[in-house]
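First the proteins, then the strands, lettered A, B, ... as listed; each starts at 1. Keep in mind the model is a prediction, meaning the values are calculated, not measured.
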Amino acid sequence: MKKIFLRSGLLFLCFVPGTVLMSGVAVMASGGGVMDRIHHADEPFDTMEIDTAYQLPVKTVRAKESWKGGSFRVLARKDSITRYRCSVCHTDKKVLVKDAVLFTHGDIVINHGEGDNELACIQCHDEDDRDFLSDSSGKKIDFDHSYQLCGQCHFRQKRDWLGGAHGKRDAYWAGERVIRNCTTCHSPHSPAFKTKMPETYSLPLDQ
Amino acid sequence: MDSRKKEGQMKTNDILEKKSTRRSFIKKLSIAAAAGSAGLVAGGCVSTGETTEEMGLKWEEYFKKNYRMMTDKEKDETVARLEKLAKLQDDVNIQMSNQEPREKVLFGYAFNISRCKGYMDCVEACVKENNLDRNSKTQYIRIFEMDSGQQDPTSGDGKYHHEVPVENKYYMGIQCFHCENAPCIKACPTKATWREPDGIVVVDYDWCIGCRYCMAACPFWGRRFNWGEPEVPKEELNTKQHYLGNRKRMKGVMEKCTFCVQRTRQGKLPACADACPTGSRVFGNLLDPNSEIRYVLKHKKVFRFKEELGTDPKFWYFMD
Ligand code: SF4
Ligand code: SF4
């Protein structure tokens with residue numbers, strides 16, 4: 001008796017998805033659906049309305065760019081550079097040979113730019129004022145706004161970063177828009193992501 | 001015996017077991033009731049090791065309505081009861097929310113298949129956030145390593161055990177797509193699962209009878225069934241919960257990704273999107289033309305998996 005019950009149970013299970021899917025297609029064919037709703041939604045949503053989106057506990061700065069006519073913030077960078085301000089060491093004082101390894105940043109490995117185009121320090125760092133970066137035209141750029149520099153070459157990524165297809169928001173989808181800086185995720189000296197072991201594994205879809 | 005049959009049998013056993021626990025529970029209660037309300041207050045039922053307060057709370061919990069039929073007051077009451085029960089039964093202090101959907105919000109998700117590196121930080125974050133059963137290793141998210149050119153994740157490898165990413169491979173994440181026209185909802189005989197106005201497909205665990213019709217109906221393998229009592233180490237329990245989200249599930253009920261309803265209705269990103277170190281996961285309000293997700297839909301090459309089935313998923317894949 002148990003067996004009969006099981007069989008009919010299985011049969012039923014097989015029929016349910018079939019019929020349901022067919023009716024699903026019928027509904028779609030009659031129009032509507034999420035794409036329609038999206039196309040009709042053109043009124044900006046006030047994300048500040050969601051008052052549980054609190055201010056982040058980390059330092060952020062207002063970006064020197066706008067997006068859709070509004071402002072947004074990026075995660076600050078200078079606070080996470082351990083030896084900032086650079087001018088503390090970069091003075092006119094002579095460097096002693098015994099300090100040379102430390103003072104020449106011998107630990108930094110550049111893996112940015114391919115082949116002959118591998119970057120040299122002063123292509124991004126300002127030659128005269130070490131507390132700043134500088135772009136190809138020589139304009140000084142604050143470390144907290146490094147996207148202004150990265151975007152010179154990586155303009156496609158920058159466009160997507162501004163829009164939201166590259167990079168990511170920090171913690172909240174609502175509230176004031178706070179996104180990561182280029183250097184939050186990429187080491188500027190070696191920007192490619194590292195390989196690593198996966199955290200876990202996934203079972204096949206039918207299990 | 002093939003595995004489907006085995007499953008079928010487990011199912012019958014399970015329902016029987018569930019019935020019998022319900023029955024014995026009612027029996028216990030009716031005995032208590034027969035002893036009169038004075039008996040309840042005086043603390044009968046010593047044999048079960050339950051306090052009177054616990055008995056009373058459970059009694060009220062047992063007869064509550066489907067969440068969608070509750071008034072606001074009833075919703076508040078059940079949430080308060082569940083908080084108290086968690087304290088009495090498991091000695092944990094939880095905060096349970098019944099935050100309603102926000103107006104003019106429809107949640108959607110986009111996944112960048114050219115950026116995902118297969119790290120699976122998202123999977124781990126989801127397990128912790130949603131109090132998923134550690135015993136059966138339940139996971140809402142799956143990540144597959146795919147050959148470039150390969151399109152069907154059913155043949156993808158999720159059990160890769162090497163450093164990632166690997167050259168010439170790409171990584172594809174699959175989870176519930178929160179279909180606007182969801183077949184799982186239509187399959188449910190008890191209306192225990194539905195789509196909220198903000199687009200999240202949820203389950204009322206107290207109303208689910210564990211028939212698993214929804215699981216069979218979902219073409220995206222989006223649902224997870226609790227064959228046993230879910231286990232979460234006390235020190236790892238996420239105490240910030242939502243009635244329709246990561247609250248304690250029971251044996252024999254269905255659960256699924258809820259777009260982290262306990263987070264997203266408070267303005268936070270879902271745990272997976274927050275944990276992803278590569279920025280492959282974009283989440284936001286589909287009704288807001290200024291949102292990141294709308295930028296992706298407008299400016300990127302996007303596609304939806306099995307779109308031809310007409311389930312209208314709110315989950316897109318995209319490429320740089
Ligand atoms: S992906 Fe599956 S479980 Fe999720 S809404 Fe669609 S049909 Fe339902
Ligand atoms: S398992 Fe639960 S949610 Fe799914 S169809 Fe059955 S009663 Fe409905």
Say you draw a straight line from [atom1] of [X] to [atom2] of [Y]; how long is it, rounded to the nearest 0.5 Å?
| X | Y | atom1 | atom2 | answer |
| --- | --- | --- | --- | --- |
| A:W161 | B:E292 | CH2 | CD | 11.5 Å |
| A:Q157 | B:D320 | CD | CG | 7.0 Å |
| B:K268 | A:R169 | NZ | CZ | 14.5 Å |
| A:I38 | B:K314 | CD1 | NZ | 9.5 Å |
| B:R102 | A:F45 | CZ | CZ | 8.0 Å |
| A:R159 | B:H299 | CZ | NE2 | 8.5 Å |

How far apart are the closest heavy atoms of A:S202 and B:M120, and which atoms are they?
-> OG-CE, 3.6 Å
Taking all non-hydrogen atoms of both residues, which atom of A:L203 and which atom of B:R142 are closest, and how far apart?
-> O-NE, 3.1 Å
Quick one: which of [options] has the most heavy-atom pairs under 4.5 Å with chain A, could you say?
| options | result |
| --- | --- |
| B:S291, B:C179, B:P165 | B:P165 |
| B:F318, B:W221, B:F220 | B:W221 |
| B:K137, B:R265, B:M215, B:K298 | B:K137 |
| B:V296, B:I293, B:V166, B:D121 | B:D121 |
| B:V127, B:D274, B:I141 | B:D274 |
| B:V123, B:V282, B:T278, B:L297 | B:T278 |

Given a strict heavy-atom distance threshold of 4.5 Å, which part of [X] is in contact with chain A: side chain, backbone, both, or neither?
| X | result |
| --- | --- |
| B:L287 | both |
| B:K159 | both |
| B:A110 | neither |
| B:P313 | backbone |
| B:R281 | neither |
| B:F107 | side chain |
| B:A275 | backbone |
| B:T264 | both |
| B:F144 | side chain |

Where on [X] is there a heavy atom nearer than 4.5 Å to chain B: the side chain, the backbone, both, or neither?
| X | value |
| --- | --- |
| A:T184 | neither |
| A:H166 | side chain |
| A:R156 | neither |

Quick check on [X]: does its [atom1] atom have over 12 non-hydrogen neighbours (other residues, nucleotides or ligands) under 6.0 Å away?
| X | atom1 | result |
| --- | --- | --- |
| B:K301 | NZ | no |
| A:Q55 | CD | no |
| B:H161 | NE2 | no |
| A:H40 | NE2 | no |

Interface residues of residues 127-153 of chain A facing chain B - non-hydrogen atoms under 4.5 Å apart |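 The stretch does not come within 4.5 Å of chain B.
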Residues from residues 185-199 of chain A approaching chain B under 4.5 Å (heavy atoms) =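 Under the 4.5 Å heavy-atom cut-off, A:C185, A:F193, A:K194, A:T195, A:K196, A:M197, A:P198, A:E199 qualify.
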B:E180 and A:R37 ion-paired at < 4.0 Å |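 Yes, B:E180 and A:R37 are salt-bridged.
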Evaluate side-chain contact (heavy atoms from CB on, under 4.5 Å) for A:T52 paired with B:Q99, printing each intermediate quantity in order.
-> CA-CA 11 Å; A:T52 44; B:Q99 170 69 51; 6.0 Å; no
Within-4.5 Å side-chain heavy-atom neighbours: A:D160 and B:Y295 | yes
Are any of the side-chain heavy atoms of A:E49 and B:E103 separated by less than 4.5 Å?
->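 Side chain of A:E49 against side chain of B:E103, heavy atoms only: no contact under 4.5 Å found.
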How about A:W173 and B:F259: are their ring centres within less than 6.0 Å of each other?
-> no
Greatest number of heavy atom pairs closer than 4.5 Å to chain B - which of A:G163, A:A53, A:G70, A:G167 = A:G163
A:G175, A:A171, A:A174: which one forms the most heavy-atom pairs within less than 4.5 Å of chain B?
->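 Greatest number of close heavy-atom pairs with chain B: A:A171.
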Side chain of B:K104, backbone of A:E43: donor and acceptor closer than 3.5 Å?
-> no
Side chain B:N290, main chain A:P44, donor-acceptor under 3.5 Å = no
